[in-house]
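Worksheet: one structure, shown below.
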Amino acid sequence: MAYAHPHTRHSVLSTTSQASVDYPSPTAGSTRFSLPSVPSLNTAANKPSATRLNIYDRNLNKTRVAEVSASAFSFLFSEIVQYTQRRVSGINDLERRLNTLGYRIGMRVLELMAWRADSSSKNPKREIRFLPALMSIHTQVWKAVFGKPADAIEKSVENADEYMIIDNDPQIERHISVPRDMSQLSCSSFTAGIVEAVMDGLGFPARVTAHNTPTAQFPSRTTILIKLEQSVLDREELLK
């Protein structure tokens with residue numbers, strides 16, 4: 001904080017020869033003036049400042065003000081991919097690290113969604129069947145993270161323990177340019193990590209991976225493959 005500087009003063013308590021200088025005394029006809037007052041440090045420190053809410057003071061139930069700029073998110077995710085790429089030895093290692101980062105996000109997403117459900121409903125319920133939980137991930141989780149639900153859910157006709165979530169236009173890959181020598185890379189492994197964390201938190205342990213399945217209409221189409229553990233299938237049979 002800048003303070004106004006007072007006018008220059010001459011000391012009258014000097015032991016040098018300047019002590020013998022005669023200073024004119026004010027008379028009745030002389031002009032009197034006063035130096036500008038300087039605010040004390042204590043007064044400035046105690047002055048209340050305008051309160052500004054930070055991110056920790058926001059209401060978690062208000063989702064409209066919680067949106068993040070798409071360009072800011074794309075820039076941040078691009079930097080994450082480049083940072084991770086320089087520290088891995090191959091595509092599989094890169095996808096594994098992106099999956100781990102997504103898993104950390106997924107745990108926080110599930111915690112936030114559970115808190116909102118408990119605070120907004122008098123009788124909140126927890127899904128104990130797999131298909132309703134999968135539908136919740138397809139709609140609510142996708143909408144909370146990406147602003148829109150996923151495009152489809154499919155079940156494998158060959159393996160009973162495999163389900164797929166289809167995203168025709170993944171938001172995190174819109175501004176990612178993959179080199180030709182890394183064409184097998186799927187940056188949606190980050191999304192797969194989010195899904196795996198939510199599945200584990202809901203009590204449906206599974207291994208979740210991301211795969212590029214482009215089409216002529218949707219060149220960025222991605223399939224999130226969910227492979228359930230046998231314990232989940234056994235529990236589903238008991239609940240029928």
Side-chain angles (χ1 to χ4, degrees), residues 63-64 66-113 133-156 159 162-202 204 206-228:
T63 57
R64 291 185 177 180
E67 296 179 355
V68 179
S69 170
S71 58
F73 174 80
S74 299
F75 174 78
L76 177 60
F77 185 72
S78 175
E79 290 297 315
I80 291 175
V81 174
Q82 295 181 55
Y83 176 86
T84 308
Q85 182 183 357
R86 292 191 293 266
R87 290 161 174 79
V88 297
S89 57
I91 295 178
N92 293 334
D93 193 14
L94 176 57
E95 291 182 341
R96 180 183 58 81
R97 294 201 181 193
L98 291 176
N99 186 286
T100 301
L101 292 174
Y103 194 96
R104 298 174 183 175
I105 301 297
M107 291 188 297
R108 290 160 176 79
V109 169
L110 179 60
E111 181 181 5
L112 176 61
M113 294 183 61
L134 184 61
M135 286 297 300
S136 174
I137 296 174
H138 167 272
T139 54
Q140 298 178 16
V141 173
W142 239 260
K143 193 172 182 179
V145 178
F146 304 114
K148 66 178 185 66
D151 295 290
I153 293 179
E154 297 180 0
K155 185 181 184 301
S156 175
N159 302 312
E162 291 183 354
Y163 290 80
M164 291 159 281
I165 299 178
I166 310 299
D167 194 340
N168 292 330
D169 185 22
Q171 183 176 356
I172 64 174
E173 295 195 12
R174 290 179 183 176
H175 305 284
I176 297 293
S177 179
V178 179
R180 291 184 178 180
D181 58 340
M182 301 180 65
S183 58
Q184 300 300 321
L185 172 65
S186 177
C187 293
S188 291
S189 297
F190 181 83
T191 305
I194 296 177
V195 175
E196 185 170 344
V198 175
M199 294 283 295
D200 290 347
L202 292 176
F204 303 96
R207 174 60 179 151
V208 184
T209 54
H211 305 272
N212 297 325
T213 53
T215 62
Q217 185 178 2
F218 302 106
S220 299
R221 184 174 182 266
T222 299
T223 298
I224 305 298
L225 178 62
I226 303 172
K227 189 173 183 61
L228 299 172

Inset, instruction - Count the heavy atoms belonging to other residues, nucleotides or ligands that lie under 6.0 Å from NZ of Lys148, then report whether that count exceeds 12. - result: yes

Legend entry - side chain to side chain contact (heavy atoms under 4.5 Å, CB included), paired with Val198, selected from Val145, Leu110, Ile105: Leu110

Inset, instruction - Look up atom NZ in Lys227 and atom CE in Met199, then write down how far apart they are to the nearest 0.5 Å. - result: 12.5 Å

Inset, instruction - Ignoring hydrogens and angles, tell me if any N or O in the side chain of Glu154 forms a donor-acceptor pair with the backbone of Ile166 under 3.5 Å. - result: no

Inset, instruction - Output the distance between atom CE (Met164) and atom CD1 (Ile224), rounded to the nearest 0.5 Å. - result: 11.5 Å

Inset, instruction - Measure the CG-OG distance between Leu225 and Ser156 for me, rounded to the nearest 0.5 Å. - result: 8.0 Å

Legend entry - Over all atoms of both residues, closest heavy-atom pair of Cys187 and Glu173: N-OE2, 3.4 Å

Legend entry - Over all atoms of both residues, closest heavy-atom pair of Leu185 and Ile91: CA-CG2, 3.9 Å

Inset, instruction - Look at the side chain of Thr222 and the backbone N and O of Ser220, then say whether any donor-acceptor pair between them is shorter than 3.5 Å. - result: yes

Inset, instruction - Using a cut-off of 6.0 Å, state whether more than 12 heavy atoms not belonging to Arg174 lie near its atom CZ. - result: yes

Inset, instruction - Test Ile176 against Val178 for side chain to side chain contact (heavy atoms under 4.5 Å, CB included), laying out the working first. - result: CA-CA 6 Å; Ile176 297 293; Val178 179; 4.1 Å; yes

Legend entry - Value rounded to 0.5 Å, distance of CG in Leu134 from CD1 in Ile153: 4.0 Å

Inset, instruction - Tell me, with the steps shown, if Phe190 and Ile80 meet side chain to side chain contact (heavy atoms under 4.5 Å, CB included). - result: CA-CA 11 Å; Phe190 181 83; Ile80 291 175; 5.6 Å; no

Inset, instruction - Without swapping roles, check the side chain of Ser78 against the backbone of Ser74 for a donor-acceptor pair under 3.5 Å. - result: no

Inset, instruction - Could you grab the distance from atom CD1 of Ile165 to atom CH2 of Trp142, nearest 0.5 Å is fine? - result: 4.5 Å

Inset, instruction - For the pair His211 (side chain) and Thr223 (backbone), establish whether a donor and an acceptor sit closer than 3.5 Å, ignoring hydrogens and angles. - result: no

Inset, instruction - Give a yes or no on this: more than 12 heavy atoms of other residues, nucleotides or ligands lie within 6.0 Å of atom CD of Glu79. - result: yes

Legend entry - Rounded distance (nearest 0.5 Å) linking atom CZ of Phe146 with atom CD1 of Ile194: 5.0 Å

Legend entry - Donor-acceptor contact below 3.5 Å, side chain Arg97 vs main chain Asp93: no

Legend entry - Taking every non-hydrogen atom, the tightest pair across Ser71 and Ser69: OG-OG, 2.9 Å

Inset, instruction - Specify the closest pair of heavy atoms between Ala210 and Ala192, including all atoms of both residues, with the distance to one decimal. - result: N-CB, 4.0 Å

Legend entry - Any donor-acceptor N/O pair, Glu196 side chain to Tyr103 backbone, under 3.5 Å: no

Legend entry - Closest non-hydrogen atom pair, Thr84 against Val88: O-CG1, 3.3 Å

Inset, instruction - Ignoring hydrogens and angles, tell me if any N or O in the side chain of Ser188 forms a donor-acceptor pair with the backbone of Thr191 under 3.5 Å. - result: no

Inset, instruction - Classify the ring geometry between Phe77 and Phe73 as parallel (under 30°), tilted (30 to 60°) or perpendicular (over 60°). - result: parallel

Inset, instruction - Please check if the side chain of Asp151 supplies one atom and the backbone of Asn168 the other of a donor-acceptor pair under 3.5 Å. - result: yes

